[in-house]
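Below is one structure, written out as structure tokens, with a few remarks after it.
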There are 2 protein chains.
Amino acid sequence: METEAQQIVISTIADLERGWNSASGEIFAEPFADDADFVTIRGEHSRSKIAITRGHQAIFDTIYKGSKVQFQVIAARVIAPGVILGHIKSTLKAPSGPLAGEHNSLASVILVQNAGGWKIASFHNTLMAKG
Amino acid sequence: METEAQQIVISTIADLERGWNSASGEIFAEPFADDADFVTIRGEHSRSKIAITRGHQAIFDTIYKGSKVQFQVIAARVIAPGVILGHIKSTLKAPSGPLAGEHNSLASVILVQNAGGWKIASFHNTLMAKG
């Protein structure tokens, strides 16, 4: 049985998976707050929904072209009123590029509740080491 | 001039640097909440101050023996009342082990204010790609 926090994370990140798998930076970035922070598996930090949209569109069109991702919420908890910390495991299948093959990563995501609902304030992703 | 959020992050993470550089898991873990989440550069997730203490003591005694770290707060902002998101760049110098040499990483850290002051609820670290 899922907790309310888990349900909120699952529902908020659904667009990430849908956006990735349809190669749409715009759909991918939809759940992010306008001033959201994002850190990639390369330790690159960007800020703002617009930067997240453009950055992902760029990789969907090039190195991650044709790739598919699946997200799984492995933990979620309320850390302050209106603030949820979630941990998400992703499985990426990429046909080509630097991550050709199948890879797992683990993301920490922070959701903040505001008048427009729950939005992602912070997303930080790291490749899971193999073996 | 630093913002209040930056000052709080700088002061909260001071123990991390001191703990790492004196190879003390206990000092390193001091700023963490009892139920804090931690994700390493290998995408390994652990939970609780005790696990963070033990996990770091184990690497200080082995693969990171003799290593020194420096932290620099590159951004910090309030994302909800009593909740700060900080981004920290670290420079690690390791004499031996899998990360022998000098490496940079970028961490997202979430601080939550409670009766005991500001504590780290979430720390997620990623190696910065070279070149």
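Residue numbering restarts at 1 for every chain, and letters A, B, ... go by the order of the sequence lines. Everything numeric here is computed off the predicted structure, so don't read it as measured data.
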In this structure, would I63(B) and F28(B) fall into the same cluster of hydrophobic residues linked by side-chain contacts under 4.5 Å? yes

Heavy-atom closest pair (L85(A) atom, D37(B) atom, distance to 0.1 Å) is CD2-OD2, 3.4 Å

Give a yes or no on this: more than 12 heavy atoms of other residues, nucleotides or ligands lie within 6.0 Å of atom CD of Q70(A). no

Residue pairs passing the ring-ring contact (aromatic ring centres under 6.0 Å, His included) test where at least one lies in residues 62-87 of chain A, sequence neighbours excluded: W20(A)-Y64(A), H87(A)-H45(B)

Residues of residues 94-114 of chain B contacting chain A, heavy-atom criterion under 4.5 Å, by residue number: L106(B), A107(B), S108(B), I110(B), V112(B)

Nearest-0.5 Å distance that lies between atom OG1 in T126(A) and atom CD1 in I41(B): 9.0 Å

Do L127(B) and I59(B) share a hydrophobic cluster, counting only Ile, Leu, Val, Met, Phe, Trp and Tyr and linking them when any side-chain heavy atoms are less than 4.5 Å apart? yes

Kindly write out the residues that satisfy ring pair (Phe, Tyr, Trp, His ring centres under 6.0 Å) with F123(A), not counting sequence neighbours, or none if the list is empty. F38(A)

Residue, of A75(B), S122(B), P81(B), G82(B), that accumulates the most heavy atom pairs under 4.5 Å with chain A: S122(B)

For residues V73(B) and V69(B): do they belong to one hydrophobic cluster (side chain heavy atoms under 4.5 Å, members Ile, Leu, Val, Met, Phe, Trp, Tyr)? yes

Going by salt bridge (charged side-chain N to carboxylate O under 4.0 Å, His left out), name the pairs with one or both residues in residues 57-72 of chain B, residues two or more places apart or in two chains. none

Using the rule given for side-chain contact (heavy atoms from CB on, under 4.5 Å), can you reason through V39(B) versus H124(A), listing the C-alpha separation, both sets of side-chain angles and the distance that settles it, and then say yes or no? CA-CA 10 Å; V39(B) 179; H124(A) 188 135; over 6 Å; no

Is there a chain of hydrophobic side chains (I, L, V, M, F, W, Y, each step under 4.5 Å between heavy atoms) that links I13(B) to M128(B)? no

Using a cut-off of under 4.5 Å for heavy-atom pairs, which of A33(A), A121(A), A80(A) has the most such pairs with chain B? A121(A)

